[in-house]
Q: 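Let me give you the structure first, and then I'll get to my questions.
Every heavy atom of this structure was used, including side-chain atoms; hydrogens, water molecules and symmetry mates were not.
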Amino acid sequence: MINVNELILEKVRSLIFTDLSDGSVIARLTKLEEPTLQTAAEAEDVTDAQGALITKLFKAKTGRFEATNSLFSVDLLAQQYGTEKEVASETAKIIVPCEETLTVADGKVTLSHKPVNDIKYIYKLENGALAQKYTLGTAASATEFVVSDTEITVPTDVTGKIYVEYEYESTSAVRVVNNTENFPETVGVKVFAIFKDMCNENVKYAGSIVAKKGKIDPSSLDVAFTATGKHAFAVDFMKDYCDEDGDLFSVIVAE
């Protein structure tokens with residue numbers, strides 16, 4: 001039996017979102033920074049005839065968990081966009097955009113992938129800039145090129161480097177679509193933490209925050225596309241109206 005009170009919060013270890021229908025984990029984050037748990041309530045003043053405050057009545061409790069994931073998370077992005085992460089396979093290939101800078105050898109270049117559509121243009125590079133555009137033809141000429149599978153025969157007399165942009169089908173890719181009609185769904189939320197005893201740091205406790213219902217806030221999403229960027233998010237907890245207890249969330253600490 002334990003009856004803990006003041007503890008050292010060592011770290012928030014992870015967060016999971018779960019499917020309301022079957023409880024399965026649909027996303028997991030493990031690199032959380034600056035996590036905060038916020039609660040609020042609406043206040044209504046009760047006053048006498050002279051306007052003196054008698055008491056305050058509180059209602060409409062709210063809860064919110066905010067954090068930043070240290071790494072860019074595709075699963076989190078899917079939750080924020082209100083969609084599902086698509087995983088490519090042999091039967092469900094994903095079309096991937098691609099660009100390549102290739103060096104001409106014997107009048108040809110070889111692409112890394114087989115194009116899924118016609119390559120309409122290629123470009124000659126000079127000092128890293130696009131200098132000349134060439135178009136697809138039926139035979140290589142001074143202004144046209146031809147494509148056979150992954151091989152491009154460049155226009156006659158073209159040497160050096162060329163730039164090619166195309167699309168190919170991949171069985172090893174993921175995709176997240178931000179559709180204007182989709183918004184985050186309600187999910188279960190569990191946050192797992194580790195605590196230490198304030199008098200003996202060798203004694204550790206497992207902590208968790210459990211919300212039966214939560215929804216990611218999509219009102220403002222700012223994902224930094226840099227190596228040092230972070231992936232921030234916020235989850236609003238909601239009362240389960242089918243639950244007579246009316247719990248908003250629970251904080252649990254155990255040995």
Q: Listed by chain and number, what are the salt bridge (charged side-chain N to carboxylate O under 4.0 Å, His left out) partners of Lys213, not counting sequence neighbours?
A: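 Salt bridge (charged side-chain N to carboxylate O under 4.0 Å, His left out) list for Lys213, sorted by chain: Asp240.
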Q: Can you confirm whether more than 12 heavy atoms, excluding those of Asp106, are under 6.0 Å from its CG atom?
A: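 No, because the 6.0 Å sphere around CG of Asp106 holds 12 heavy atoms or fewer from other groups.
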Q: Are Val147 and Asp118 packed together at the side-chain level, in the sense that at least one heavy-atom pair is separated by less than 4.5 angstrom?
A: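 Sidechains of Asp118 and Val147: no contact.
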Q: Do you know the tightest heavy-atom contact between Glu167 and Asn117?
A: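 In terms of heavy atoms, the two residues are closest at OE1-ND2, 3.5 Å.
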Q: Should the heavy atoms of other residues, nucleotides or ligands under 6.0 Å from CD of Glu185 be counted, would the total exceed 12?
A: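 No.
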Q: Do the side chains of Ile162 and Val154 get nearer than 4.5 Å, heavy atoms only?
A: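 Answer yes - side chains close enough.
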Q: How about Thr138 and Val146: do any of their side-chain heavy atoms sit closer than 4.5 Å?
A: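 When only atoms from C-beta onward are counted, Val146 and Thr138 do not touch, as no gap falls below 4.5 Å.
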Q: Are any non-hydrogen side-chain atoms of Ser73 and Leu29 less than 4.5 angstrom apart?
A: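 Heavy-atom side-chain distance check passes, below 4.5 Å.
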Q: Quick check for you: to the nearest 0.5 Å, what is the distance between Thr83 atom OG1 and Glu181 atom CD?
A: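 Between atom OG1 of Thr83 and atom CD of Glu181 there are 12.5 Å.
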Q: Find the distance between CD (Glu6) and CE (Met198) and round it off to the nearest 0.5 Å.
A: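 CE of Met198 is found 5.0 Å from CD of Glu6.
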Q: Applying side chain to side chain contact (heavy atoms under 4.5 Å, CB included) between His231 and each of Asp222, Leu77, Leu71, Leu221, report the one that passes.
A: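 Exactly one option meets the side chain to side chain contact (heavy atoms under 4.5 Å, CB included) with His231, and it is Leu77.
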Q: Mind checking whether Tyr205 and Ile194 have side chains closer than 4.5 Å, heavy atoms only?
A: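 SC-SC contact between Tyr205 and Ile194 ruled out.
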Q: Which value, rounded to the nearest 0.5 Å, describes the distance between Ile122 atom CD1 and Phe145 atom CZ?
A: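 If we round to the nearest 0.5 Å, Ile122:CD1 and Phe145:CZ are 5.0 Å apart.
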Q: Taking only residues at least two apart or on different chains, which pairs with a member in residues 18-35 satisfy salt bridge (Lys or Arg N to Asp or Glu O under 4.0 Å)?
A: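 Counting only pairs at least two positions apart or across chains, the salt bridge (Lys or Arg N to Asp or Glu O under 4.0 Å) contacts touching residues 18-35 are Glu33-Lys230.
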Q: Where is the tightest heavy-atom contact between Ser172 and Ser170, given as atom of each residue plus distance?
A: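 Smallest heavy-atom distance, with atoms named: N-OG, 3.0 Å.
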Q: Ignoring hydrogens, what is the shortest heavy-atom contact between Val253 and Phe195? Give both atom names and the distance.
A: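 Nearest heavy atoms, Val253 then Phe195: CG2-CE1, 4.2 Å.
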Q: How would you list all residue pairs meeting ring-ring contact (aromatic ring centres under 6.0 Å, His included) that involve residues 101-137, not counting sequence neighbours?
A: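 Every pair satisfying ring-ring contact (aromatic ring centres under 6.0 Å, His included) with a residue in residues 101-137: His113-Tyr168.
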Q: Nearest 0.5 Å please: distance from the OH atom of Tyr166 over to the CD1 atom of Ile95.
A: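 Answer rounded to 0.5 Å: 13.5 Å.
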Q: With distance as the sole criterion, is a donor-acceptor pair present between the side chains of Asp217 and Ser219 under 3.5 Å?
A: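 Yes, Ser219 and Asp217 have a side-chain donor paired with an acceptor closer than 3.5 Å.
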Q: Any carboxylate oxygen within less than 4.0 angstrom of a Lys/Arg side-chain nitrogen, looking at Asp236 and Lys215?
A: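 No.
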Q: Less than 3.5 Å apart, any donor N or O on the side chain of Lys108 or Thr153 sitting next to an acceptor on the other?
A: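 Distance-only check passes for Lys108 and Thr153.
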Q: With rounding to the nearest 0.5 Å, note down the distance linking CG in Leu102 to CD in Glu99.
A: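 Rounded to the nearest 0.5 Å, the CG-CD separation comes out at 11.0 Å.
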Q: Would you mind checking if Asp75 and Lys85 are paired as a salt bridge, meaning a charged N to carboxylate O distance below 4.0 Å?
A: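 Yes.
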Q: Can you check side-chain contact (heavy atoms from CB on, under 4.5 Å) on Val177 and Glu86, steps first, answer last?
A: CA-CA 9 Å; Val177 177; Glu86 302 173 43; 3.6 Å; yes
Q: Report yes if some heavy atom in the side chain of Val187 is under 4.5 Å from a heavy atom in the side chain of Val189; otherwise report no.
A: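 The answer is yes; the side chains approach within 4.5 Å.
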Q: Can Glu10 and Lys204 be counted as an ion pair, charged N to O under 4.0 angstrom?
A: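 Counted as a salt bridge, because a side-chain N and a carboxylate O are separated by less than 4.0 Å.
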